[in-house]
Amino acid sequence: MTVVTRFAPSPTGFLHIGGARTALFNWLYARHHEGKFLLRIEDTDRERSTDEAIEAIFDGMKWLGLDWDEEPVFQFSRRDRHAEIARQLIDEGKAYYCYASKEELADMRETARAEGRPPVYDGRWRDRDPSEAPAGVDPVVRFKSPNEGVTVVHDLVQGDVTFANEQLDDMILLRADGTPTYMLSVVVDDYDMGVTDIIRGDDHLTNAARQKQLIEAIGWPVPNHSHIPLIHGPDGAKLSKRHGALGVEAYRDMGYLPEALRNYLLRLGWSHGDDEVISTEQAIEWFNLENIGKSAARFDFAKLENLNGLYIRNADDAYLTSLVAPILAKNTGQEISSNQLKLIEKAMNGLKERAKSVNSLAESSLFLIAERPLALDDKAKSLITEEASAVLMRLADRLEALEQWNPETVEEAVRAAAEAENLKLGKIAQPLRAALTGTTVSPGIFDVLNVLGREQSIGRIRDVRSD
RNA sequence: GUCCCCUUCGUCUAUCGGUUAGGACGCCAGAUUUUCAUUCUGGAAAGAGGAGUUCGAUUCUCCUAGGGGAUACCA
């Protein structure tokens, strides 16, 4: 049987980091087994679902590189099918109408809690005759779940988890307005979509027991369940907007590479021995359910950043340039010309060596496209002393005399200048860097000289003449 | 309150009864170096607590504590 997994977010907000990991695991599992990975939008909560959220989820998935098979399923559009199953259950005596009011329900829970009993619906309409129904009340449809015994979820990550059936009350299948609830919809959709493996957050573990009861009542096969632990914020508490619970697009905007985030998320809760840097190809080859950990993990930006730097250093120059360009355009408020792009790409090899994010890459490539005369920052300014300026002017002459302008010739010229001035290389390199980049931090100075070219380099040096 | 799950360095984790408890991030020290970064070397750093099973427990069982999740006409 081919494996079919699905990711089923509700479009009530962006695709947050926990959801992204769930999607990643489902995707990896499907790809590993050469099965299908489906996407279902659980939009049955009409109040809270929004089109913007749906778009954000699609965008987030695409950015992360998690491609799904087939058209996404919109759960709300399948409500008739869900209701049909509910009616079938009523006909079979496996579900019933309940006329209890919200106040009654609230009282019920309160007294149960006070008496130390599980706060569940007491089944007061379970066996009552429909003729007793109060007039003018739209009933909900409840599932007649077993009162005794236990339900055990055979979870591939958590192991067998046993629930006493008395803990699980008669859940609502259809609301008073006739729309299906989540419990019913998932079960029906998963079956209709042919889902073989459900991989989701372990906040659904109790739901799995209820859903299993429902599935068995209908007479369908129970899919494999894998409930993965949640991701916590750095403080160990549930992810909130203050720390990690940002949408994946926020990570993109912070300058993280999707491949780095994928790698990081994969290692959060899954392991393959001592391997840390795992390409997507390897991840697909290695991924399994057995090596998913059972405890919640905390989100650690420092480690993500480290991985991001590593992926940036190994990334293709043209690819990085294409990511940097729009950021640069946005930050400078001007379009980046193709010549400037060439310049950036040429410098990228030196730039990416010291970048931790795409944003810092953009920041550090700013000097390449800056207009003369450069505005020097304070530290750079302090390096251009009168003495340094004089040295730089003599260096400019020396550079001007070069017949060829390439990495070797410029290095040779600068080294020769240092020797002639009886200066350590650093003494000439730092002022030079300040003049060329306006800052004190940049790629190797010979690299900068070479990339900038003769005209810009000499021009920028002469611009800092102090007299 | 009730039910369920979890618990190895600060963090992510390896270990599937016998290890000097390993790796990675971060941190500290040193080396390299034209800045920064990279790279390299070294270091500090962990089995929540208590019983039991066993010749032997981080590993298996139970209890306690702590953390998390679920308890909706949300998903």
Side-chain angles (χ1 to χ4, degrees), chain A residues 8-12 42-45 47-49 75 98 100 102 105-106 109 112-120 138-142 153 155 158-159 161-164 166-169 171-177 179 181-183 185-186 201-207 209 227 229-230 232 234 236-238 264 267-277 290-291 293-307 309-310 313 350-356 360 364 379 383 411 414-415 418 424-430 432-434 437 439-446:
Chain A
S10 57
T12 54
E42 307 215 320
D43 53 354
T44 53
D45 184 344
E47 311 265 291
R48 300 196 297 150
S49 298
Q75 192 158 59
C98 167
K102 296 201 176 179
L105 261 20
R109 272 191 288 271
R113 189 182 293 247
E115 291 168 21
R117 289 181 291 110
V120 295
D138 289 327
V140 300
V141 172
R142 282 185 186 270
V153 176
D155 194 284
Q158 307 287 341
V161 184
T162 305
F163 296 89
E166 58 173 9
Q167 292 285 338
L168 278 9
D169 62 359
M171 59 187 162
I172 292 174
L173 264 21
L174 254 31
R175 301 188 182 92
D177 65 2
T179 58
T181 60
Y182 161 78
M183 288 295 175
S185 300
V186 232
D202 72 7
D203 48 338
H204 285 288
L205 192 53
T206 357
N207 292 337
H227 288 93
L230 269 17
H232 289 168
K238 197 176 168 183
Y264 177 72
R267 282 289 292 107
L268 216 49
W270 180 85
S271 59
H272 185 268
D274 283 341
D275 293 307
E276 294 287 346
V277 181
E290 296 81 66
N291 290 323
K294 296 174 85 173
S295 54
R298 298 187 191 201
F299 196 91
D300 180 18
F301 274 99
K303 191 153 184 175
L304 205 212
E305 189 157 278
N306 172 270
L307 265 178
L310 193 144
R313 289 195 291 284
L351 254 17
K352 70 185 181 187
E353 196 67 27
R354 50 216 96 217
K356 288 270 195 283
S360 62
S364 61
K379 278 191 205 159
L383 285 170
E411 171 161 1
V414 175
R415 285 193 189 278
K424 283 173 108 175
L425 185 55
K427 284 289 175 196
I428 194 165
Q430 268 313 79
L432 179 55
R433 171 171 288 110
T437 70
T439 71
T440 52
V441 176
S442 83
I445 202 63
F446 309 128

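Nothing here was measured: the structure is a model prediction, and the numbers come from that model. Every chain is numbered from 1 and lettered A, B, ... according to where its sequence line falls, protein lines coming before strand lines.
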Query - Between B:A21 and B:U59 - C1' atom distance, rounded Å - result: 11 Å
Query raised in the report: Can you name the residues that form a salt bridge (charged side-chain N to carboxylate O under 4.0 Å, His left out) with A:Glu305, not counting sequence neighbours?
Result: none
Report summary line: Closest to the side chain of A:Leu105, out of B:A75, B:C4, B:C73, is B:C73
Write out a two-atom table: protein N or O, nucleotide N or O from nucleotides 44-50 of chain B, distance below 3.5 Å.
none

Query raised in the report: B:U54 and B:C16: how far apart are their P atoms, nearest whole angstrom?
Result: 23 Å
Query - Non-neighbouring partners of A:Tyr182 that pass ring pair (Phe, Tyr, Trp, His ring centres under 6.0 Å), sequence neighbours left out - result: A:His204
Report task. Assign A:His227 to base, sugar-phosphate, or nothing according to its heavy-atom contacts below 4.0 angstrom with the strands shown. Result -> nothing
Query raised in the report: Say you pick atom P in B:A37 and the same atom in B:C28; how far apart are they, in whole Å?
Result: 12 Å
Report task. Give A:Arg109 one of three labels, base, sugar-phosphate or nothing, depending on what nucleic acid heavy atoms sit under 4.0 Å from its own. Result -> sugar-phosphate
Report summary line: A:Phe301 CZ to B:C25 P, in whole Å, measures 19 Å
Query - Interatomic distance at C1', B:A48 relative to B:A65, whole Å - result: 8 Å
Report task. Quick one: list whatever passes side chain to side chain contact (heavy atoms under 4.5 Å, CB included) with A:Leu307, sequence neighbours left out. Result -> A:Asn263, A:Tyr264, A:Val277, A:Tyr311
Query - Presence of A:Thr44 side-chain N/O under 4.0 Å of B:A75 phosphate oxygens OP1/OP2 - result: yes
**Report entry** Rounded distance in Å - NZ (A:Lys294) to P (B:G67)
**Finding:** 21 Å
Report task. Tell me, please, which residues at least two apart from A:Asp155 pass side-chain hydrogen bond (donor to acceptor under 3.5 Å, both in side chains). Result -> A:His227
Query raised in the report: Hey, is the side chain of A:Thr206 poking within less than 4.0 Å of OP1 or OP2 on B:U71, counting only N and O atoms?
Result: no
Query raised in the report: Which nucleotides of nucleotides 28-43 of chain B have their base under 4.0 Å from a protein heavy atom (B), which only their sugar-phosphate (S), and which neither (-), written as one string 5' to 3'?
Result: ------BBBBSS----
Query raised in the report: In whole angstrom, what separates A:Leu174's CG from B:A72's P?
Result: 19 Å
Requested in this report: Please identify each residue that fulfils side-chain hydrogen bond (donor to acceptor under 3.5 Å, both in side chains) with A:Arg117, with sequence neighbours left out.
Outcome: A:Glu115
Query raised in the report: Given that A:Phe163 and A:Asp169 both sit by RNA chain B, which one's nearest nucleotide is further toward the 5' end?
Result: A:Phe163
Query - Touch class at under 4.0 angstrom, heavy-atom based, for A:Val140 against every strand present - result: base
Report task. Measure from CG on A:Leu230 to P on B:U7 and round the result to the nearest Å. Result -> 15 Å
Query raised in the report: What integer distance in Å separates A:Glu305:CD from B:G26:P?
Result: 9 Å
Query raised in the report: What nucleic acid atoms does A:Ser364 come within less than 4.0 Å of, heavy atoms only: base, sugar-phosphate, or nothing?
Result: nothing
Query raised in the report: Whole Å only: how far is the CD atom of A:Gln158 from the C1' atom of B:C3?
Result: 15 Å
Requested in this report: Mark yes or no for a side-chain to base donor-acceptor pair under 3.5 Å between A:Asn207 and B:A75, with no hydrogen or angle criteria applied.
Outcome: yes
**Report entry** Interatomic distance where CG belongs to A:Asp138 and P belongs to B:C73 [whole Å]
**Finding:** 16 Å
Query raised in the report: When you check every protein heavy atom under 4.0 Å of nucleotides 57-66 of chain B, what one-letter string (B, S, -) results, 5' to 3'?
Result: ----------
Report task. Whole angstrom is fine here: how far is it from NE2 in A:His272 over to C1' in B:A14? Result -> 12 Å
**Report entry** Euclidean distance for P, B:C6 against B:U41 (whole angstrom)
**Finding:** 39 Å
Listing time: all N or O pairs from protein to nucleotides 8-12 of chain B that are below 3.5 Å?
from	atom 1	to	atom 2	distance (Å)
B:C12	OP1	A:Arg298	N	3.0
B:C12	O2'	A:Arg267	O	2.9
B:C12	O2	A:Lys303	NZ	3.2

Report summary line: Hits for side chain to side chain contact (heavy atoms under 4.5 Å, CB included) against A:Val161, two or more places apart or cross-chain, chain-then-number order -> A:Gln158, A:Phe163, A:Leu205
Query raised in the report: So what's B:A65 paired with, Watson-Crick or G-U wobble, going by both distances under 3.5 Å?
Result: B:U7
Query - Pairwise C1' distance, B:C9 and B:A70 [rounded to whole Å] - result: 32 Å
Query - Closest contact, heavy atoms only, A:Ser49 versus A:Asp43 - result: OG-CA, 3.4 Å
Query raised in the report: Roughly how far apart, to the nearest Å, are B:A57 and B:G52 at atom C1'?
Result: 12 Å
Requested in this report: For the side chain of A:Asp274, starting at C-beta, report the closest nucleotide among B:A72, B:C73, B:G23.
Outcome: B:G23
Requested in this report: Return the set of residues passing salt bridge (charged side-chain N to carboxylate O under 4.0 Å, His left out) with A:Asp169 (not counting sequence neighbours), or none when no residue passes.
Outcome: A:Arg210
Report task. For A:Ala176, answer base if it contacts any base atom (sugar-phosphate contacts may also be present), sugar-phosphate if it contacts only those atoms, and nothing otherwise; contact means non-hydrogen atoms under 4.0 Å. Result -> base
Report summary line: Residues passing the side-chain hydrogen bond (donor to acceptor under 3.5 Å, both in side chains) test with A:Glu290, sequence neighbours excluded, are A:Asn288
